[in-house]
There are 2 protein chains.
Amino acid sequence: MIVIAYLGPAGTNAETAALAYLSWLAQHHSQEAHLCSYPSIARAMRAVVQQEATLAVVPIENSIQGSVAVTLDNLWQLGKLQIQQELVLPIAHALLSRGETLAGIKTVYSHPQALAQCQLWLETHLPNALLVPSNSTTEALQHLNGPSAAAIAAPRAAQLYNLPILASSINDYADNCTRFWVLGTQASTDGTHLSLAFDVPANRPGSLVNPLQSFAQRQINLTRIESRPARRSLGEYLFFVELEGSLQGAATQAALTELAAHTQNLKSLVIIGFYPFTSTPSAKIHLLC
Amino acid sequence: MIVIAYLGPAGTNAETAALAYLSWLAQHHSQEAHLCSYPSIARAMRAVVQQEATLAVVPIENSIQGSVAVTLDNLWQLGKLQIQQELVLPIAHALLSRGETLAGIKTVYSHPQALAQCQLWLETHLPNALLVPSNSTTEALQHLNGPSAAAIAAPRAAQLYNLPILASSINDYADNCTRFWVLGTQASTDGTHLSLAFDVPANRPGSLVNPLQSFAQRQINLTRIESRPARRSLGEYLFFVELEGSLQGAATQAALTELAAHTQNLKSLVIIGFYPFTSTPSAKIHLLC
């Protein structure tokens, strides 16, 4: 039995991604699988490390709001999770309400990421509404009692909870999508992209650029560079890097050996995974394998 | 009259930073100055561009939670704001409540950043409490009616609103501090560090590392590299870079000329400011000038 952890409850974008993965699994594996909802991304990731769940489907990056910090921070801290697969999910936000006109809406509830992704629409159409954050887009629906409350959630949540859509496609950028990683404890053996994290010593000239040059000198293309605080003191950072290449390739191996010499200590380089990659998401969910 | 915009209401960490700057101004300038509270960081920044306010004091980076994305995104989008000064504020979180025991607390309200910075403490001491996000640490205090509600806020907010502190220093990391920038429309002429942002073309080998090499080749030390989505499509990024050096220096000028050739187009390189810098915050607020 494969148990797949995700940030719930039902109706979140993470659940949609997890359902897409479940449907792909059903076509490719005979083993039975089911989803299990967790109240936070961190708890879903820890469930895999603690063997409560087999896999976790977690958001890593949104095309408008950027990295999901809690996912990166837990990947580094837990240190045992490996990327099994990547999914890209187009994100559409709708305004759900029992009210019949925008003019009557006084309060809008949603997850801070969803509120941020609809900021311009809200300023234009509901300039005086109070914006109230919630733990998930689904949790925001609890507040839809009277006609003056609205929530930003996925159109799927409207169907699931039988709530009317007052306005559709309210995200500020049409090309809004979120990249998810399916995480497990087995190392993936096939793919085109490598993701790794490392910790560099602070306040030393070149300490941030030298590690990146290990790749540039070997013509290895970096597709993403993301920094996170090392949590020792202000100005010290970890880097999360994604690159094109095979883990077994000679150039990658040489770059990783050189990189290890630039990092903070021997435990400061973590290979998060080797996986298939998509850079051009289409209107439907991508599942690359 | 100098008007200083900040994310309010009174009692937020942004207000503490703005008050420290106000007190420094009183010692160094004869012009009268006062603070003006705004409901969001974006609104405080826009107030300066729209000449409602002279300056805005905004958080840019926390030592535990990392970059403040809304500040970086608005710096790029507004394009007219320049760093006047930098401040580093130590952050202490306290649990405020009218209740007398931790055992009675069922709900904890706070800004998502504050909840994240006390995550381990909350899991250890209040594992069953419901965590409810709010727009600011001060706004969370509105919910403190009964003994089962608590809020995470600065100890100063407890004094200001006459609320009891149930637990002090509950942040997971003792060395927790936030870096603020004082933003205005005048370019600063004095400093030791330069901050800039640029947009690189996507999906071209070396496009992420080549711009950084413009600095490395000239022995210019980068102290921070931060990426943000370019908001065109997934996988396209802006970079925010901080470096040691003078804007007038020959090496910096040569690096900037070379960098301009690597960026997306001629408008893709923005100098955000030249300012004094601190990397070792102490127990009291730093104001470098």
Side-chain angles (χ1 to χ4, degrees), chain A residues 39-40 42 61-67 69-70 72-73 88 111-112 116 119 130-135 172-173 175-179 202-210 212-213 215-216 219-237 239 244 278-281, chain B residues 39-40 42 61-67 69-70 72-73 88 111-112 116 119 130-135 172-173 175-179 202-210 212-213 215-216 219-237 239 244 278-281:
Chain A
S40 69
E61 172 182 26
N62 173 268
S63 59
I64 308 305
Q65 289 303 308
S67 281
V70 69
L72 294 177
D73 292 346
V88 175
H111 188 275
Q119 185 189 330
L130 186 68
L131 308 181
V132 181
S134 60
N135 286 311
D172 296 333
Y173 295 82
D175 191 4
N176 184 340
C177 46
T178 297
R179 193 151 75 106
N203 306 322
R204 194 180 297 174
S207 66
L208 300 193
V209 177
N210 291 346
L212 304 177
Q213 284 186 311
F215 301 106
Q219 318 300 321
I220 296 170
N221 191 31
L222 298 185
T223 53
R224 188 170 176 226
I225 304 169
E226 185 67 39
S227 67
R228 289 292 304 150
R231 299 187 167 184
R232 289 186 295 268
S233 70
L234 195 66
E236 298 198 46
Y237 302 98
F239 281 88
E244 287 174 6
T278 177
S279 62
T280 51
Chain B
S40 70
E61 173 183 25
N62 173 268
S63 59
I64 308 304
Q65 288 303 308
S67 282
V70 68
L72 293 177
D73 292 346
V88 175
H111 189 275
Q119 186 189 328
L130 187 68
L131 308 180
V132 181
S134 59
N135 286 310
D172 296 333
Y173 296 82
D175 191 4
N176 184 340
C177 47
T178 297
R179 195 152 74 107
N203 304 322
R204 195 180 294 174
S207 65
L208 300 193
V209 176
N210 291 345
L212 304 177
Q213 284 186 310
F215 301 106
Q219 318 300 322
I220 296 171
N221 191 30
L222 298 185
T223 52
R224 188 171 175 226
I225 304 170
E226 185 69 38
S227 67
R228 289 293 303 151
R231 300 189 167 184
R232 289 186 293 268
S233 70
L234 195 65
E236 297 198 45
Y237 302 99
F239 281 89
E244 287 174 5
T278 177
S279 62
T280 50

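Lettering of chains follows the sequences in order, A, B, ..., and the numbering in each one begins at 1. This one's a predicted model, so the numbers in the text were calculated from it and none came from an experiment. The figures here come from the full heavy-atom set of this structure, side chains too, leaving out hydrogens, waters and symmetry mates.
The CD1 atom of Ile64(B) lies 9.5 Å from the OG atom of Ser233(A); values are rounded to the nearest 0.5 Å. Here Leu234(B) contributes atom CG and Thr178(A) contributes atom OG1; the two are 8.5 Å apart, rounded to the nearest 0.5 Å. Distance CZ/Phe239(A) to CD1/Ile225(B): 4.5 Å, rounded to 0.5 Å. Considering CG of Leu130(A) and CG of Asn135(B), their distance stands at 7.0 Å, rounded to 0.5 Å.
Contact detail for Ser63(A) and Pro229(B): the closest heavy-atom pair is O-CB, 3.1 Å.
With respect to chain A, the highest number of heavy-atom pairs below 4.5 Å among Leu131(B), Asn62(B), Asn176(B), Val209(B) belongs to Val209(B). For the set Gln119(A), Glu244(A), Gln65(A), the entry with the most heavy-atom pairs within less than 4.5 Å of chain B is Gln65(A). In terms of heavy-atom pairs under 4.5 Å with chain A, the best-connected choice from Ala230(B), Pro133(B), Gly66(B), Ala116(B) is Pro133(B).
Contact of Ala42(A) with chain B is made through the side chain alone, with heavy-atom distances under 4.5 Å. Contacts of Asp172(A) with chain B are absent, with no heavy-atom separation under 4.5 Å from either backbone or side chain. Only the backbone of Ser134(A) comes within contact range of chain B, with heavy atoms under 4.5 Å apart.
Using a 4.5 Å heavy-atom threshold, the side chains of Arg228(A) and Glu226(B) count as separate.
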